[in-house]
Amino acid sequence: MPDRARYYITSPIYYVNDAPHIGHAYTTLACDVLARFMRLDGREVRFLTGTDEHGQKVEKAAALAGMAPKDFTDKVSQNFRDLATAMNFSHDDFIRTTEERHIRACQGIWQAIAANKTPKGNANIYLGQYDGWYAVRDEAFYDEKELTTGPDGKKRAPSGAEVEWVVEPSYFFRLSDWQEWLLEYYERGNPDFIGPTTRRNEVLSFVRGGLTDLSISRTSFKWGVPVPDAPGHVMYVWLDALTNYATALGYPDPNAALFRRFWPADLHVVGKDIVRFHTVYWPAFLAAAGAEPPRRVFAHGWWTNEGQKISKSLGNVIEPHALIARYGLDPVRYFLLREVPFGQDGDFSHRAMVGRLNSDLANDLGNLAQRVLGFIAKNAGAEVPQPGAFAAVDEEILAEARGLCGRVRALLAGAPNAPEFHRALEAVWALVTKANFFVDKQAPWTLRKTDAARMSTVLYVLVEVLRHVALVLQPFMPDSMAKLLDQLAVPAAARDFASLERRLVAGTALPAPSGIFPRFLDDADR
RNA sequence: GGCGGUGUAGCUCAGGUGGUAGAGCAGAGGAAUCAUAAUCCUUGUGUCGGGGGUUCGAGUCCCUCCACCGCUACCA
């Protein structure tokens, strides 16, 4: 027997300098849905998220708060774990870059990189000197030409962050030697490496434009992973941060069971701001260390709030806990993935949120379940109806239901632009609409008086369709679909996708139905 | 400056290899009454950003211009 197919998916680790916002929730949500889908689909899944806790910015923020860096990060990291709980994320591991295992992994990857040669036969790492304008807030160096001078006489980066002149010895990664290797990898080795296409084009264009060596150590601060055998040097935060994906599987232990099982990652989901780190530096680091690069990196877009760019200074940050409190968790999960094509920017508005909630969830799906289950409770003995021979229309909609999971699977993992959450949900709703049409056309309320056997068959077809819909939607809205499956009397052991092959057993008692998605009423509507 | 992308119904967007434009939402009308006043049906005369070209025929190919967005460079 071959092993079950495996699936390793990661969110980025989140920088603890930031309070959790909708962007964090969105990224990890996408991972969560894929992880849940793959588990139900029979794959062995590893889903990783966590926090990024090193760097000068954290060091300074901790000092400002009058705390030791570790105490500071303990506190802020907890906010992200709370968010994961509130969003019902199903990660298998939550990594923190301040953990001992991660220090070991970073030092291990450093040593592996240092031990190997570039494709051109040079040392991967060499000691040099870095001087330049550095912005602590951005963790980045800037060219003098990019800077502007503010009214206070201070120089600022394009981002608005203050910069300071820094001269320090630094170890460099010979990225310039990896340019051809990277291009070969993007174009032939792994054409699906970067999604969506627009980001892929940008990365190719960037790499074709020429790569310069990358400074990968700092001496100006202490809050980081010490470089092996180089007193005073700590690792560049991105080398540190990216390595988390390997740490969590037990790297660099050559016998680490998880690493052998799950490496390389099937998918790194990232925001579009960190594409370069994941698609240029990361595969180069890994290749230099003699490890396999990830199979795919997908970058999603940004949210605006009621049409406006979100920023702390505007004070319009969207706070996930507030959304959940107002609309409910599953409607929020649904909205985020349904409203906008994954990869593109999107707008969050109260109007759009309520539109999805009332139209898609309450009216289309929630009401479908309620009208069918309510009818059965009142007029069909409150049990799974006994079907007779299926008519052609029955077979047609049942066939569509049976094909649903396959269509969704293809959109989430097979299609060239995968994952396409919004199209997957569209596909589910095409069936929901068809089911509502089916109810109207078959009119069980009329059959009740004229043909009880036919009524029973029609109702059976409908609960079967509902069962398929509920099973396939579990990854998106776990709690709500659990409730619906309870109402369909589907046992816990029959909720994976293998169970799609089964059928509801006629005569099984059904509990009293209650609405899954109540309509959202604005104060004005009450 | 270079590379890439976008511009199609009020809104959000689909529209392989060219053949007189589609979906969802919103709006209007109707049917039905099992249901969370939910559902279902019908309903769009749109300069397909502007102009030019190729073609019997172009959102769909070519050129050009305009607007907006992303990545990136440089002169200074």
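Chain naming here is simple, since letters A, B, ... match the order of the sequence lines and numbering starts at 1 in each. Heavy-atom basis, side chains included; hydrogens, waters and symmetry copies ignored. All values reported here derive from a predicted model rather than from experimental measurement.
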Syn or anti for B/rG59, with syn set at within 90° of 0? syn
Base, sugar-phosphate or nothing for A/Gly366? Non-hydrogen atoms, less than 4.0 Å. base
Closest nucleotide among B/rU36, B/rC34, B/rA38 to the A/Ala362 side chain: B/rU36
Mind checking A/Leu373 for me? I need base, sugar-phosphate or nothing, with any heavy atom below 4.0 Å counting as a touch. nothing
Quick one: look up who B/rC25 pairs with, Watson-Crick or G-U, both distances under 3.5 Å, and put none if it's unpaired. B/rG10
Could you label the plane-to-plane angle of the A/Phe172 and A/Tyr130 rings as parallel, tilted or perpendicular, counting under 30° as parallel and over 60° as perpendicular? parallel
Is a donor-acceptor pair below 3.5 Å formed from side chain A/Asn363 to base B/rA38, judging by atom type as modelled? no
Among B/rC71, B/rC40, B/rC34, find the nucleotide with the atom closest to the side chain of A/Glu202. B/rC71
Side chain of A/Ser205, heavy atoms from C-beta onward: which of B/rC3, B/rU36, B/rA35 has the nearest atom to it? B/rC3
Per atom distances to the A/Asp364 side chain, the nearest of B/rU39, B/rC40, B/rA38 is B/rU39
Between B/rU36 and A/Arg371, is there an OP1 or OP2 to side-chain N/O distance shorter than 4.0 Å? no
Determine the interplanar angle of the A/Trp238 and A/Phe277 rings, folded into 0 to 90°, and report it as parallel if under 30°, tilted if 30 to 60°, perpendicular if over 60°. parallel
Please work out which of the three classes, parallel, tilted or perpendicular, describes the rings of A/His268 and A/Trp282, given edges at 30° and 60°. tilted
Specify whether A/Phe342 and A/Phe298 have parallel, tilted or perpendicular ring planes, treating 30° as the upper limit for parallel and 60° as the lower limit for perpendicular. parallel
So A/Lys441, base contact, sugar-phosphate only, or nothing? Heavy-atom distance under 4.0 Å. nothing
Considering just the side-chain nitrogens and oxygens of A/Lys272, establish if one lies under 4.0 Å of OP1 or OP2 belonging to B/rC71. no
What's the closest nucleotide to the A/Gln344 side chain, out of B/rC13, B/rC41, B/rA35? B/rC13
A/Lys309 has an atom NZ; how far is it from atom P of B/rC69, in whole Å? 11 Å
Looking only at the side chain of A/Asn201 (C-beta and beyond, no hydrogens), which of the listed nucleotides B/rG4, B/rU39, B/rU36 gets closest? B/rG4
Kindly state whether the pair A/Trp445 / B/rC34 counts as stacked, where counting means centroids closer than 5.5 Å and planes tilted less than 30° apart. yes
Hey, can you tell me if A/Tyr14 and A/His24 have their rings parallel, tilted or perpendicular (30° and 60° cut-offs)? perpendicular
When we call it a touch if two heavy atoms are under 4.0 Å apart, what does A/Thr446 touch: a base, just sugar-phosphate, or nothing? nothing
Using Watson-Crick or G-U wobble geometry with both distances below 3.5 Å, tell me the partner of B/rC34, or none. none
